[in-house]
Asker: 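The following block contains the structure, expressed as structure tokens.
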Amino acid sequence: MPEGHTLYRLAADIEESFGGEAVRVSSPQGRFAEGAALVDGQIVEAAQSAGKHLFIRFVDEQIIHIHLGLIGALTFGDAPAPPAVGAVRLRIEGSRRYADLRGAMVCELVTTEAMGGLVGQLGADPLRPDADPDRAYERIHRSRKAVGALLMDQTVLSGVGNVYRSEVLFRARLHPLTPGQRVTRRRWNAIWDDLVELMAEGVRLGRIDTVRPEHEPEAMQRPPRVDDHGGEVYVYRRAGQQCHVCGSMVRTEILEGRNLFWCPRCQRRR
DNA sequence: TCAAGATGATCAG
DNA sequence: TGATCCTCTTGAT
């Protein structure tokens, strides 16, 4: 589930599992063999996420940059690590834990400068206390593009993926095809505050829960709404099902190659 | 057994 | 905008 909150947790898990320890680094699948050899035996200094990017820094200043993409996964287990199953691009083994990376879009060694460049291109990350939502709003307010597309643009906002995009727009009762330039400042502030709260909760819970029964008493009486991504949601991947709030059929459409979900009554086009 | 789809992003045209 | 890459799971055949 690679949205920003997942990467934030993974960074914390890496530090907790391997921080301060010299680790064995390998690439059972072979595609990261050269990079793995360069950091094998080095001490893990720190790990951090930025949007959907993950960086693992070693004491000798080498940095592994990982981007999970759509299907990548980083899983952990207790040492000793068993023989690798499937296409394990990267394996990190410590004295207590091991981690396996599969299916990542990016797994490479980068320099501190390159890392700075990557992070510098990213938009405001709702998980960072120093994030600047004003800059994001300037981009949104200048654009004729759909707000649903802008929220997914990692140079505008970083860490927001399809689930948070769909859900935060529902919670704001904003139609995803509304042009960015028609999003008011007040509306944007509410969306940003909501993202900050939802994503922090995503980090705590390890899943995306957006349904607030206490705010929607009617929803309490409806059938279970746990999506198979693991959380409770209003519209994400619920096309053709009833909206928890008004009972209308949730709609879907492809916007810029990604599935979009919204309730046509709760999120009217203005 | 096989095809489709998935919470992402890039590149060519 | 469509093709492509990465891997695994699910559902259809």
Side-chain angles (χ1 to χ4, degrees), chain A residues 1-11 27-33 35-36 49-55 64-75 77 84-91 99-108 110 114 117-123 125-127 144-146 148-171 176-177 195 198-199 201-203 205-211 225-240 250 252-262:
Chain A
M1 302 169 219
E3 297 203 21
H5 70 300
T6 306
L7 279 300
Y8 192 95
R9 277 178 71 100
L10 288 175
S27 178
Q29 175 211 40
R31 290 189 49 189
F32 184 59
S49 67
K52 297 172 189 170
H53 298 257
L54 175 64
F55 300 95
I64 297 180
H65 169 221
I66 292 169
H67 192 298
L68 295 177
L70 188 61
I71 58 178
L74 183 60
T75 55
V85 176
V88 177
R89 178 94 54 90
L90 165 70
R91 168 169 277 186
D100 282 348
L101 174 71
R102 294 180 175 81
M105 190 173 70
V106 175
C107 176
E108 61 182 2
V110 294
L118 284 164
V119 174
Q121 289 169 13
L122 296 174
D125 182 344
L127 285 173
R144 273 187 250 175
K145 284 178 74 174
L150 292 164
L151 292 187
M152 294 273 281
D153 182 337
Q154 298 299 298
T155 66
V156 176
L157 283 181
S158 60
V160 175
N162 207 356
V163 185
Y164 283 123
R165 181 255 302 256
S166 301
E167 294 297 304
V168 82
L169 288 174
F170 177 87
R171 286 163 56 104
L177 299 181
L195 279 171
L198 284 176
M199 292 181 71
E201 189 182 278
V203 171
L205 300 179
R207 63 182 213 171
I208 301 177
D209 276 343
T210 61
V211 175
R225 46 188 175 259
V226 176
D227 179 83
D228 61 9
H229 79 279
E232 294 186 65
V233 291
Y234 285 107
V235 293
Y236 175 69
R237 246 164 36 181
R238 294 195 62 249
V250 173
T252 185
E253 186 177 309
I254 293 185
L255 173 64
E256 298 193 356
R258 306 300 304 282
N259 297 320
L260 193 59
F261 304 90
W262 76 97

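Small disclaimer: the values here were computed from a predicted structure and weren't measured. Worth knowing before you read on, the calculation uses all heavy atoms, side chains too, and leaves out hydrogens, waters and symmetry mates. Residue numbers start from 1 in every chain, and the chains themselves are labelled A, B, ... in the order their sequence lines are given, proteins ahead of strands.
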Asker: Grab the CD1-C1' distance between A:I71 and C:dT9 for me, whole Å please.
Answerer: 11 Å
Asker: Can you find a side chain N or O atom of A:Y164 that sits less than 4.0 Å from OP1 or OP2 on B:dT7?
Answerer: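 Negative; the distance criterion is not met.
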Asker: Can you list the stems that DNA chain C is part of, where a stem is at least 3 pairs in a row, each Watson-Crick or G-U, with both distances below 3.5 Å?
Answerer: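 Stem segments, range with range: B:1-6 with C:7-12, B:8-12 with C:1-5.
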Asker: Between A:Q29 and C:dC6, does any side-chain N or O lie under 4.0 Å from OP1 or OP2?
Answerer: no
Asker: Rounded to the Å, how far apart are A:R102 CZ and C:dT9 P?
Answerer: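 Nearest whole value for this atom pair: 9 Å.
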Asker: Calculate, to the nearest 0.5 Å, the distance between atoms CG and OG belonging to A:N259 and A:S166 respectively.
Answerer: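 OG of A:S166 is found 8.5 Å from CG of A:N259.
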Asker: In whole Å, measure the gap between the P atoms of B:dT1 and C:dC6 for me.
Answerer: 24 Å
Asker: Using the ring-ring contact (aromatic ring centres under 6.0 Å, His included) criterion, which residues pair with A:H67? Sequence neighbours excluded.
Answerer: A:H53
Asker: I'd like the P distance from C:dT4 over to B:dA3, given in whole Å.
Answerer: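 Straight-line distance between the two P atoms is 16 Å.
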Asker: Please list, chain by chain and in numerical order, all residues satisfying salt bridge (Lys or Arg N to Asp or Glu O under 4.0 Å) with A:E201, sequence neighbours excluded.
Answerer: A:R212
Asker: For A:Q29, which residues count as a side chain to side chain donor-acceptor pair (under 3.5 Å) partner, sequence neighbours excluded?
Answerer: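 Here the qualifying residues are A:R89.
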Asker: Output all residues satisfying side chain to side chain donor-acceptor pair (under 3.5 Å) with A:D100, sequence neighbours left out; order by chain, then residue number.
Answerer: A:R91
Asker: Whole angstroms only, please: what is the CG-P distance between A:L198 and B:dT7?
Answerer: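 So the two atoms are 18 Å apart, to the nearest Å.
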Asker: Let's see if you can work this out: which of B:dA6, C:dC6, C:dT7 has an atom nearest to the side-chain heavy atoms of A:R31?
Answerer: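 Nearest to the side chain of A:R31 among the choices is C:dC6.
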Asker: Give, for atom CZ of A:R165 and atom OH of A:Y236, the distance between the pair rounded to the nearest 0.5 Å.
Answerer: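 Nearest 0.5 Å value for the CZ-OH distance: 10.0 Å.
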Asker: Does atom CZ of A:F261 have more than 12 heavy-atom neighbours, drawn from other residues, nucleotides or ligands, at distances under 6.0 Å?
Answerer: yes
Asker: Roughly, in whole Å, what's the span from CZ in A:F32 to C1' in C:dC5?
Answerer: 18 Å
Asker: Suppose you measure atom C1' in B:dT7 against the same atom in C:dT1; what distance do you get, rounded to whole Å?
Answerer: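 To the nearest whole Å, 22 Å.
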Asker: Distance check needed: C:dC8 C1' versus A:R89 CZ, whole Å only.
Answerer: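 In whole Å, C:dC8 C1' lies 14 Å from A:R89 CZ.
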Asker: How close or far is atom C1' of B:dA4 from atom CZ of A:R237, stated in whole angstroms?
Answerer: 13 Å
Asker: Between the protein and nucleotides 9-13 of chain B, are there any N/O to N/O pairs under 3.5 Å, and if so, what are the atom names and distances?
Answerer:
residue : atom : partner : partner atom : Å
B:dA9   : OP1  : A:H67   : NE2          : 3.1
B:dA9   : OP2  : A:K52   : NZ           : 3.2

Asker: Using the ring of each side chain (for Trp, its six-membered ring), is A:H65 parallel, tilted or perpendicular to A:F55, with breaks at 30° and 60°?
Answerer: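 Parallel.
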Asker: Quickly work out the A:D153 CG to B:dT7 C1' distance and round it to whole Å.
Answerer: 17 Å
Asker: Set out, in order, the CA-CA distance, both residues' side-chain angles and the distance that settles side-chain contact (heavy atoms from CB on, under 4.5 Å) for A:L101 and A:L68, then state yes or no.
Answerer: CA-CA 9 Å; A:L101 174 71; A:L68 295 177; 3.6 Å; yes
Asker: Take the protein atom CG of A:N259 and the nucleotide atom C1' of B:dG5, then report the distance between them rounded to whole Å.
Answerer: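 In whole Å, B:dG5 C1' and A:N259 CG are 9 Å from each other.
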